[in-house]
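Here's the structure, in structure tokens; my notes come after.
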Amino acid sequence: MVNWTLLLVALSCVNFSVCGREPEYFSPRSCKELMQRYKTKEDGLYYLSTASGVVYQTYCDMTTAGGGWTLVASVHENNLYGKCTTGDRWSSQQGGSPNVPEGDGSWSNTVTFGTAEAATSDDFKNPGYYVTAEDVAVWHVPNNERVDQWKVKSFLRYHTETKFLKNYRGNLYNLFKQFPVKFGVGSCPANHGPSVPVVYDVGNTKSNHNLYGPNIRGASEPGFITFRAINTERAALAICSGVKPTGCHNEHCCIGGGGYFPEASPRQCGDFTGFDWDGYGTAVGWSASKQVTEAAVLIFYR
Amino acid sequence: MVNWTLLLVALSCVNFSVCGREPEYFSPRSCKELMQRYKTKEDGLYYLSTASGVVYQTYCDMTTAGGGWTLVASVHENNLYGKCTTGDRWSSQQGGSPNVPEGDGSWSNTVTFGTAEAATSDDFKNPGYYVTAEDVAVWHVPNNERVDQWKVKSFLRYHTETKFLKNYRGNLYNLFKQFPVKFGVGSCPANHGPSVPVVYDVGNTKSNHNLYGPNIRGASEPGFITFRAINTERAALAICSGVKPTGCHNEHCCIGGGGYFPEASPRQCGDFTGFDWDGYGTAVGWSASKQVTEAAVLIFYR
Amino acid sequence: MVNWTLLLVALSCVNFSVCGREPEYFSPRSCKELMQRYKTKEDGLYYLSTASGVVYQTYCDMTTAGGGWTLVASVHENNLYGKCTTGDRWSSQQGGSPNVPEGDGSWSNTVTFGTAEAATSDDFKNPGYYVTAEDVAVWHVPNNERVDQWKVKSFLRYHTETKFLKNYRGNLYNLFKQFPVKFGVGSCPANHGPSVPVVYDVGNTKSNHNLYGPNIRGASEPGFITFRAINTERAALAICSGVKPTGCHNEHCCIGGGGYFPEASPRQCGDFTGFDWDGYGTAVGWSASKQVTEAAVLIFYR
């Protein structure tokens, strides 16, 4: 199926002789607008554009909890053995050094990378990441799944309903400007960013909790998504998917740390941080399960 | 010359009020369809789109053996001295480690990279790589040639005519799912993938054979393209261009190995593998010629 | 604001039934053509296309000195502590080795990277880089500024008025073919490329000079842009922004060296070369100021 959003834009411009008018009229900024204005109802890949005219393709979830969810990013661990090496776009290849405490700064800059179609095989960030939204949804999808399999193969899916992004200037780009993902910027537990309650679409608090190591289950509460957690050594982590930390060894349940990780450096440096602390995919001690280790984390806005 | 494919799509949609109809009608999936449906006859850059709506630009060869060949990938060695370092997109920058036996997995995933215009200066892979086709063509073009010089400057060009891709679910993406380019997945010679006879468009079996080192000429037969060859140490190589191996030191005539290469690791790791084993471009012993070492390998489908 | 260039192309094609005609008629090749033909007057992001049909988005400066300036590249130093490491697209990650004297060759090949919107957060090169032009403009913009802030936040802006590119086949791509940015290709001062006088739009010769270390002020003359300077050790540097070297320690005021830098290798290897020789951002000895160190260099054509 081809999605004709891009063409609709051109059409409007032709048929109504309105090319110079207020642009918001023609060009969907988000999957939500696409759904509401053009009555588009199918999940799939669509073309959207930003207020500044950047045209990009991404995936729309048009059915979950009313639909209108725009995929804006994915965090994919290509090699958990590699510590801040190639493919670590969120944590950076230079994250191992205290000279670069913010790594690449991907969480709060306008650099984009990857493609929607490869979002479960590589890191992905599109311009939708800095568009205004209200809520966030997260999917955990096994690596290398094709687009049409994402929904059925995902083993954890949840979303927020509190419209919390309104309190942080409308997107994670601005939220992470306020709460930088940067080594040394604060301490645990005083300086965590927000923890927001979530509603599960696939999975539940128990299955969510069991994705992480047993030690983490005693040091976190499921049913939340947490932004910019700090760990004992003052390293910063971008997202704790499905949990609110109650302890400070957050590198075992949070991802996307950008910058320096002092403990046994660089062993906690990488897109999935210290998920393999007690062995790769072992689900013992502090180690996460193989299932969550080998799945991409897809981030949506609405 | 601008190629108006993308605009034709929009036009159809405007003039015939058919935006909601079966999309295959408007949007060329391949250079073959572009030639047959739109009577396009000139070699050059065109916009194509996939069934899922991804629009991309690539090169069409509209004249060789009936025309309709779509460029889907190029394998470019940016630095044969660098062993699985930057620029080794097919073999990966993490290919030197047995922990990552499949490297980046580029041969069988949906990650794309590069641009058509830079296909002789950098690795290139577009969404056409996983579109359904029947045959393959290969060009060896000196590095850094501009698009309009590719055809005249290429020193080796051949294509298959057996429609062999029909037996492997229509493309190399699926072929390499069946025959993974992964360390330790099989042994030599028992587990090679298919060798398919080729017809030469530029060059011949003798000139093809002479591109590789003299030792390789005694360990291979020209006039074929081979997929997923294995070597003595159980490393896997994606493509042996123009030859069928009869021995097992295949790292000297095959390219694009993804993953670990045990022998003198990492000396055989990289997009052009062990082409410099007895010196860079020396054409002595196991070393390939300078000509083939400094040329990109362009892969087409029809 | 959406800029409707891409749509104008489609429109022309629809309304006037001229899809087969001379393409130059429809499709702006540059910001200058966009300004002259379509009377576009606002600074911002627009879609342009090349003669070979590549469509890309970039920034147009429509007001400075008559307007019509196309952003074709940016040189961004992501980590001056990293010496030819990730993010050094102009100097290359392989620039530290004498085996690769030209690095990635980015100054004279058709590889493109980055996006206009992230041009102050990452290296950027678009196909406009090899389009025919006459003059060059340069902006120094603090890192991570959003597009609409570039002009007001830039602390140095200048342009040439001599139409010097006419003497070098119309662009920097060809100029650097003639003057390769390559280790060992010449000596200092005999083999520098052209130094062209500039007119300042923001800043002046004094403020320009003060951006570099005090030692450099005694070894260069402000009021020029210099291409392909050589240093004492025969390393090559692409651009000396705002200055003409009169000595040979040019790695402290020139950027974008592609290839090997022998002195204290790899300490001078990177997009901003040896700007931190006497400490990062210290502005003492040979070290550049923090202001110029933490700003992207945007390159425009007209």
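Because only heavy atoms are used, hydrogens play no part in the values below, and waters and symmetry mates are left out as well, while side chains stay in. Please read these numbers as outputs of a predicted model, since none were measured by experiment.
Partners of A:Glu134 under the salt bridge (charged side-chain N to carboxylate O under 4.0 Å, His left out) rule, at least two apart in sequence or in another chain, are A:Lys163, A:Lys166.
A side-chain donor-acceptor contact under 3.5 Å links A:Asn143 to the backbone of A:Ala296. Of the possible donor and acceptor atoms, one in the side chain of C:Thr50 sits under 3.5 Å from a partner among the backbone N and O of C:Val54.
Ranked by heavy-atom pairs under 4.5 Å with chain C, the list A:Thr110, A:Asn109, A:Asn99, A:Asp104 is led by A:Asn99. Each of C:Ala118, C:Gly114, C:Ala119, C:Ala116 has some count of heavy-atom pairs under 4.5 Å with chain A, and the biggest count is that of C:Ala118.
A:Val100 touches chain C through its side chain: at least one heavy atom from C-beta onward sits under 4.5 Å away, while N, CA, C and O do not. Heavy atoms of C:Thr115 lying under 4.5 Å from chain A belong exclusively to its side chain. The contact between C:Gln57 and chain A is made entirely by side chain atoms (from C-beta outward), counting heavy-atom distances below 4.5 Å.
Under the 4.5 Å side-chain criterion, counting only non-hydrogen atoms from C-beta, A:Gln93 is in contact with A:Thr86.
A salt bridge between A:Asp271 and A:Arg89 is absent, with no side-chain N of the basic residue lying under 4.0 Å from a carboxylate O of the acidic one.
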